[in-house]
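First the structure, in the form of structure tokens, and then the observations on it.
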2 protein chains.
Amino acid sequence: MDSIVHILKQNNLSVTEGRRRILSLFLSSNGALAHADIEKNTGSHFDRVTVYRTLQSFVDKGIIHTIPTSDNSIKYALCKDECGEGHHHDHHVHLVCSRCGNTFCLDDVVTPAVKLPHEYIVQQVEVVVKGICRSCNHK
Amino acid sequence: MDSIVHILKQNNLSVTEGRRRILSLFLSSNGALAHADIEKNTGSHFDRVTVYRTLQSFVDKGIIHTIPTSDNSIKYALCKDECGEGHHHDHHVHLVCSRCGNTFCLDDVVTPAVKLPHEYIVQQVEVVVKGICRSCNHK
DNA sequence: AAATATTTGCAACGATGTTTCTTTTTTTTA
DNA sequence: TAAAAAAAAGAAACATCGTTGCAAATATTT
């Protein structure tokens, strides 16, 4: 069976044109995608609302995760296998390339532990690095 | 001279009612402020556009800095003295309290160094911690 | 293949942020 | 300190982003 269909079924999502196209985009893209990228690149046109709802359901199911960026726009990227409905485990660093503007998950770079004064409780650490990505650096 | 007026003059900003009120808000608040907080709490009413422009000019001058949050809203907080026009040096960790929702600069907690594979170049590291703030933790 | 459940598209809405232009306020200078 | 020049504020219009309610279309179940 088509791996895209497989992923959708596995997550109890009905298989629709929009979901297949959007998931396919994520599978074939190496960086993170913003809502606008998705709306433009799905081939056929889907309503903005549909895109929002699809992204939301993918996040809920643990198929993709959100990446906060300093310019106030949310990006989305595929999760690794450990994520599932109601629990994400994306403890890696994100890189925003200041040359090409793309955002990447650095899956092998684990977020460093942050030690706060004892009056605080740490629940989750989010690290976004601004820098130059691999492919821009080799040009 | 009034310290608020002093700061404005020092940064080559003309001294206006709006700027004084907004700067005063920052000086008297211990957490970070969102645009909406500012619009509501300046006492007299200022146009939204004025608030946006004031915040922008404060950021440009190095008086305040922005804090990215995962819910896609920008918060602003006072810079320490080393910042100036065109150069910010706010290398501290930010905490978003999941109980009270406020955002704080942890000025004493320096952002940890992040080591990336050698194909990458690191320019800037942004760390946002989700957790419980001091005052919520003591209740 | 029909019945049911789910998803889509559309319209409308609210919040956020920007731009242009005119009026008002602040600063300069004379 | 009054007039001239510069800067900022306010108003209106517009663009983008994200959400909600509802009717039509599409998937899934039986």
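Numbered from 1 within each chain, the chains take letters A, B, ... in sequence-line order. In what follows, every heavy atom counts, from backbone to side chain, and hydrogens, waters and symmetry copies are set aside.
If you check the side chains of B:T111 and B:E126, you find no donor sitting under 3.5 Å from an acceptor. Side-chain contact annotation: B:H65 with B:H94, donor-acceptor N/O pair under 3.5 Å present.
Checking C:dA11, C:dT26, C:dT7 against every side-chain atom of A:V49, the shortest atom distance belongs to C:dA11. Nearest nucleotide to the A:T50 side chain, out of C:dT8, D:dA8, D:dG10: C:dT8.
Between B:V125 and A:V129, the closest heavy-atom pair is CG2-CG2, 4.3 Å. Pairing each heavy atom of A:I22 with each of A:T42, the nearest pair is CG1-CG2, 3.8 Å.
Between the CD atom of A:E17 and the P atom of C:dT6 there is a distance of 21 Å, rounded to whole Å. Summarising the geometry, the separation between CG on B:N12 and C1' on C:dT28 is reported as 14 Å, rounded to the nearest angstrom. In this structure, CD of A:Q56 is placed 17 Å from P of D:dC17, rounded to the nearest angstrom. Between the CG atom of A:L13 and the P atom of D:dT28 there is a distance of 10 Å, rounded to whole Å. Taking atom OH of B:Y52 as the reference point, atom P of D:dA15 lies 17 Å away to the nearest angstrom. The NZ-C1' distance, from A:K75 to D:dC17, rounds to 15 Å in whole Å. In this structure, the CG atom of B:D47 is 6 Å from the P atom of D:dG10, given to the nearest Å. In this structure, B:L8 atom CG and D:dA7 atom P are separated by 16 Å, rounded to whole Å.
Across all strands, A:R48 comes closer than 4.0 Å to base atoms (heavy-atom distances).
Annotation: salt bridge (Lys or Arg N to Asp or Glu O under 4.0 Å) contacts involving residues 29-44 of chain A, sequence neighbours excluded, are absent.
Contact check, B:S14 against D:dA8: a side-chain N or O comes under 4.0 Å of OP1 or OP2. Within the 4.0 Å cut-off from OP1 or OP2 of C:dT8, at least one side-chain nitrogen or oxygen of A:T16 is found.
The 5' end of DNA chain C is approached more closely, in terms of each residue's nearest nucleotide, by B:H35 than by the other of B:H35 and B:V15.
The base of C:dG17 is not paired with the side chain of B:R53 by any donor and acceptor separated by under 3.5 Å.
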